[in-house]
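Reviewing the structure listed below.
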Protein chains: 2
Amino acid sequence: MDIKQNIFVAVDAVVFGYSSAQGLSVLLIKRKNEPCKGCWALPGGFVRNGESLEDAIYRELHEETAVKINYLEQLYSFGLPTRDPRAQVVSVTYFALVRPDAFEIKANTDAQEAQWFALNNIKKLAFDHHDILEVALKRLRGKLQYEPIGFELLDKKFPFSELENLYSSVLNRPLDRRNFKKKIMKYGLLDQTDEVQKHQGSGRPGKLYSFNEKKYFELKQRGILFEI
Amino acid sequence: MDIKQNIFVAVDAVVFGYSSAQGLSVLLIKRKNEPCKGCWALPGGFVRNGESLEDAIYRELHEETAVKINYLEQLYSFGLPTRDPRAQVVSVTYFALVRPDAFEIKANTDAQEAQWFALNNIKKLAFDHHDILEVALKRLRGKLQYEPIGFELLDKKFPFSELENLYSSVLNRPLDRRNFKKKIMKYGLLDQTDEVQKHQGSGRPGKLYSFNEKKYFELKQRGILFEI
DNA sequence: CCAAAAGTGTTGGTAGTACACCCATGA
DNA sequence: TCATGGGTGTACTACCAACACTTTTGG
């Protein structure tokens, strides 16, 4: 190739996790290199030669956070020449969801630390990572309403109230328990198990449900998508 | 920067146009350089140093097609190391719509020719441009149903049947004229003008409507989006 | 027995769908 | 006057939103 391009390609991910105690949380790493050494930032890094974008983000997530990713999709590409002070860096960003049991993390190569932050407790972030987070949140809110993506943030088996709390907290509005259940159950995507919730403090324990992926793919095939 | 990255960044655009005669069409250019010299391809090219992604795609579209773009949004980024035989090229792709009067084009720098192709008449395309087109079509179909994006493909003033044909042909299903009109009019986004269609062959001329952007932004502000 | 959370049905309003005839124009 | 496409209303159905009391458990 006879062109002289001084542009680098990076990948970054917005990884969301959820628990009813903490609400929606984002996984951040503390940068151990300049620029912005010590700042919190989205996990990510430069793509290696010969590596696909997806491979790159999986590798970086593994190196930096060792968190088990449950859902991943591309989010948006950011390319303002000024977004990184070192050089022009185009960042292809990803949107990821993890299950509650992934709230255990360990820090590695590129980061001195990786840590979950509740959404309403986010510090200043490095580079334009705040903008990226904003776009990711918008995507999450949007998708939650027309694809059954919420299940990817919950355990394989969960009480119904957990799903309702997730929706209510991410969408930032109260939901009517009865109507919400009717809407969800209408699609036949949830199987009721014979188990109930254990030790949740006080109150009646809820029955546990599981997401039926097979029925989901059937519905998707027929082009019928779900809507809250 | 102390990393050695041999990855290039390009931008490509899927530009859609529509006329009731031709249906949905895509703007392609004939490549005048290797690889794949002479093949049809999406307009696009390499990002220049210090240039943003958006600037790059506008520049390329101007250089290669001189078509007036009416709507532009980022689509997806493609980065498989094998997608370009010369080198690893990450392509950030865009999705664009033009009005019918832009069906006049002129070829320039990078292309010997730029030309509109009806969707059902697309040849083999260079690189992975078929995949890109696929993604763009999916995005168009999706957006058409929950954002009033169809107007961006029509003249400022258009007869109602034009809008209906657009929807019907892009979504690939028949629509009931009366119900479709009710649904659209419900949002109050269309103003009826006092003009009627001219010389459209035979039959009664239709009244012309125009899209009311002001009301659209009001609705959007209130978070109410439109649904077909 | 008290507090806390889970479970459950009915009703009224609204929006969606199905459907057919008349009107204005050009040839 | 005929062919072509534009314009319009109603009735039925299905979905949505609003709403409150009972049940199960732990303390």
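Everything numeric in this text was worked out from a predicted model, so none of it was measured. Side chains included, hydrogens not; waters and symmetry mates left out as well; all remaining heavy atoms used.
Of the two residues contacting DNA chain D, namely A/Y187 and A/P205, the nearest-nucleotide position lying further toward the 5' end is that of A/Y187. Summary of the strand contacts: A/N179 and A/G206 both lie near DNA chain C, and taking for each the nucleotide with the nearest heavy atom, the more 5' one is attributed to A/G206.
Relative orientation of the B/Y71 and B/F95 rings is perpendicular, given thresholds of 30° and 60° on the angle between their planes. Ring orientation note: the planes of A/F160 and A/F180 are nearly perpendicular, at an angle over 60° on the 30°/60° scale. Between A/F211 and A/F151, the ring-plane angle classifies as parallel under the 30° and 60° cut-offs.
When the side-chain nitrogen and oxygen atoms of A/K183 are compared with OP1 and OP2 of D/dA17, one or more of them lie within a distance under 4.0 Å. Residue A/K186 places at least one side-chain N or O closer than 4.0 Å to OP1 or OP2 of D/dC16. Taking only side-chain nitrogens and oxygens, B/K181 comes nearer than 4.0 Å to OP1 or OP2 of D/dT8. Residue A/S202 places no side-chain N or O under 4.0 Å from the OP1 or OP2 atom of C/dA3.
What separates CZ of B/F180 from P of D/dG7 is a distance of 13 Å, to the nearest Å. When the P atom of D/dC16 is taken as reference, atom CD of B/E227 falls 11 Å away, rounded to whole Å. One atom, CG of B/L208, and another, C1' of D/dG7, lie 14 Å apart when rounded to the nearest Å. Per the geometry, CG belonging to B/L163 stands 12 Å off P belonging to D/dG7, to the nearest Å. The interatomic distance linking A/R204 (CZ) with C/dA3 (C1') rounds to 15 Å, in whole Å.
Put simply, the side chain of A/R177 and the base of C/dG7 share a donor and an acceptor less than 3.5 Å apart. In this model, no side-chain donor or acceptor of A/R178 finds a partner on the base of C/dA6 within 3.5 Å. Evaluation of atom-type donor-acceptor distances gives no pair under 3.5 Å for the side chain of A/K207 against the base of C/dT8.
If you look at B/Y18 and B/F16, their ring centroids are not closer than 6.0 Å.
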